[in-house]
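Quick notes on the structure that follows.
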There are 2 protein chains.
Amino acid sequence: MEKELLTEEKIAEAAREVFIEKGMNGARMQEIADKAGINKSLLHYYFRTKEKLFAFIFSKLIHRIGDRLENLMQEGVSIEDKVKGYVELYIDILLKNPFLPNFILNEVTRNPDAIFEGFAAAKINPQKFFAPLENQLKAEGYNIDPRDFVINILSMVIFPLAGRPILEHIVFNGDKKAYKDYILSRKKSIVEFVMFALEGYKKLEVRD
Amino acid sequence: MEKELLTEEKIAEAAREVFIEKGMNGARMQEIADKAGINKSLLHYYFRTKEKLFAFIFSKLIHRIGDRLENLMQEGVSIEDKVKGYVELYIDILLKNPFLPNFILNEVTRNPDAIFEGFAAAKINPQKFFAPLENQLKAEGYNIDPRDFVINILSMVIFPLAGRPILEHIVFNGDKKAYKDYILSRKKSIVEFVMFALEGYKKLEVRD
DNA sequence: GTCTATATGGCGATAGAC
DNA sequence: GTCTATCGCCATATAGAC
């Protein structure tokens, strides 16, 4: 039926917004129903329980993130350009979805089971990601642990956005524009910081 | 009364644990009461409502963190040693309190009002912190924005611990010991990474 | 101050008409 | 498929005895 897909889509979109903003515990079925412009009992008609609805939304979200990471490892692009591309892409995404990083970090620690299902469904294979990266790093002379490389960049991109209220209030005295400008400036400064660091790893012995 | 202080202290400790692990929304007054070894209604006798109890705990927590940061800016210690000291201290603290970073990031985004009260009470003054740091960085020849310096280090320390379940499962295939060893190894590798990067900033023009 | 018992409200979920 | 009405539970909060 036409209506089926449409309504389910409206529910999914509303649920996605509410869950991300309020978390599993804080979200209310009523609020999701309101935002979807339908009745509360219709939610249960489509997704029997709140937990099932949450699992559905969460797994779709993880899936999308996994896909984005895969796309990152195209060949023929220098490390520096990959860093630049990654940093710019994710800062933009996270600026548009300010609740996303906290949501994922949080649900994943409070409800670890969701990980096994969600990530398994997304078929994320770290080895497929780290092996070629390690090769490329070595080929360009950077003798750094690829895990450090990836995690440090992820950290510097995500943390200041996950900690937005803290930074905004403490470092920028509540000035939202100053905060946003600073985050945008990090598109350049993170790349600079990373490439400076990588320069140091050129001097190191190859280690494995 | 003797009993008053003792009971209040037991409640505070229990509430702290439960709130940090489950968050404001996930925490249950019953669980706090059980953990404190008292009756549920006694909680309300001491702290009229759950919200008031939460605010009390949260503000105390922020206060302690603020104090720790202040202590960090002692004179007569090189940048490298400060980085080393900070990284080691906080990795140890966060390993012992695995739910802490998520708790703070989360409550602070979901309930931004708590920030104003909590941080205001803790009388955190960023200028008092950044100004001497900037001086020292310049004095040692590192022409880096002190905000980048601080935020990058904070990011690299906190993020891998806030994202523990993700790293543990995806990068280390569920091997908890491998994850913990890796985090401990970061005590050295973060300092290395930062100092390599700082080397690059030595070549830059002084900018202000 | 500390307990037992209970009120009160909210939320997830279901029944049933249309 | 979509709605209204309602159930049943659970969590916060209060009343009142001791």
Side-chain angles (χ1 to χ4, degrees), chain A residues 1-61 99 103 106-107 110-111 113-114 117, chain B residues 1-61 99 103 106-107 110-111 113-114 117:
Chain A
M1 195 82 125
E2 181 83 6
K3 267 284 177 70
E4 232 178 291
L5 279 172
L6 217 82
T7 306
E8 189 168 328
E9 197 43 53
K10 276 195 300 184
I11 293 177
E13 177 55 24
R16 190 181 163 277
E17 289 176 28
V18 176
F19 276 131
I20 289 182
E21 180 168 347
K22 304 282 175 67
M24 164 69 181
N25 280 329
R28 294 291 163 251
M29 294 297 262
Q30 186 62 59
E31 187 179 354
I32 295 174
D34 290 348
K35 190 163 264 180
I38 54 148
N39 192 278
K40 200 175 52 162
S41 56
L42 209 50
L43 289 181
H44 291 92
Y45 176 80
Y46 280 91
F47 305 83
R48 294 189 44 76
T49 69
K50 184 185 180 185
E51 280 199 22
K52 285 194 204 304
L53 175 55
F54 178 81
F56 175 76
I57 301 293
F58 191 75
S59 129
K60 260 191 19 182
L61 203 69
F99 291 101
F103 171 71
N106 216 28
E107 298 305 333
R110 301 235 204 277
N111 177 14
D113 294 343
E117 302 157 23
Chain B
M1 197 81 127
E2 181 82 8
K3 268 284 175 76
E4 232 179 290
L5 280 173
L6 217 81
T7 305
E8 189 167 329
E9 197 43 53
K10 277 195 298 183
I11 293 177
E13 177 54 23
R16 191 181 163 277
E17 289 175 28
V18 176
F19 276 131
I20 289 181
E21 180 168 347
K22 305 282 174 70
M24 164 69 180
N25 280 328
R28 295 288 161 255
M29 295 296 264
Q30 185 61 59
E31 188 179 352
I32 295 173
D34 290 348
K35 190 162 264 179
I38 54 147
N39 192 278
K40 205 174 46 164
S41 57
L42 209 50
L43 289 182
H44 291 92
Y45 176 79
Y46 280 92
F47 305 83
R48 295 188 44 74
T49 69
K50 184 185 179 184
E51 280 200 22
K52 284 195 204 306
L53 175 55
F54 178 81
F56 176 76
I57 300 294
F58 191 75
S59 127
K60 258 190 22 181
L61 203 68
F99 293 101
F103 171 71
N106 218 24
E107 299 304 335
R110 300 235 205 279
N111 177 13
D113 293 342
E117 301 157 22

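Below, read A as the first sequence line, B as the second, and so on, with proteins coming before strands; counting in each chain starts at 1.
- Only at 4.0 angstrom or more do the heavy atoms of residues 10-26 of chain A sit from any atom of DNA chain D, so none qualifies.
- Contacts between residues 42-51 of chain B and DNA chain D, defined by a heavy-atom separation under 4.0 Å, are made by B:His44, B:Arg48, B:Thr49, B:Lys50.
- Using a 4.0 Å heavy-atom distance criterion, B:Ala33 is classed as making no nucleic acid contact.
- Rounded to an integer number of Å, the gap from CZ of B:Phe54 to P of D:dA13 is 14 Å.
- The separation between A:Ile32 atom CD1 and C:dG10 atom C1' is 16 Å, rounded to whole Å.
- Following rounding to the nearest Å, B:Glu31 (CD) and D:dT12 (P) show an atom-to-atom distance of 10 Å.
- For B:Ser41, whose side chain is taken as the heavy atoms from C-beta onward, the closest listed nucleotide among D:dT14, D:dA13, D:dT4 is D:dT14.
- The side-chain heavy atoms of A:Phe103 and A:Leu61, taken from C-beta on, include a pair separated by under 4.5 Å.
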Side chain to side chain contact (heavy atoms under 4.5 Å, CB included) between A:Phe54 and A:Glu107, intermediate numbers included: CA-CA 10 Å; A:Phe54 178 81; A:Glu107 298 305 333; 3.7 Å; yes

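- Contact check, B:Thr7 against C:dT2: a side-chain N or O comes under 4.0 Å of OP1 or OP2.
- Side-chain atoms of B:Lys35 and B:Val18, non-hydrogen and from C-beta on, do get closer than 4.5 Å to each other.
- The closest side-chain heavy-atom distance from B:Phe19 to B:Lys50 is below 4.5 Å.
- For A:Gln30 and D:dA5, the CD to P distance is 14 Å, given to the nearest whole Å.
- Going from atom CG of A:Asn39 over to atom C1' of C:dT14 covers 13 Å, rounded to whole Å.
- Put simply, B:Arg28 has no side-chain N or O that comes within less than 4.0 Å of OP1 or OP2 on D:dC10.
- A:Lys40 places its NZ atom 11 Å from the C1' atom of D:dT4, with the value rounded to the nearest Å.
- Taking 4.5 Å as the limit, every side-chain heavy atom of B:Arg28 sits out of range of all side-chain heavy atoms of B:Lys22.
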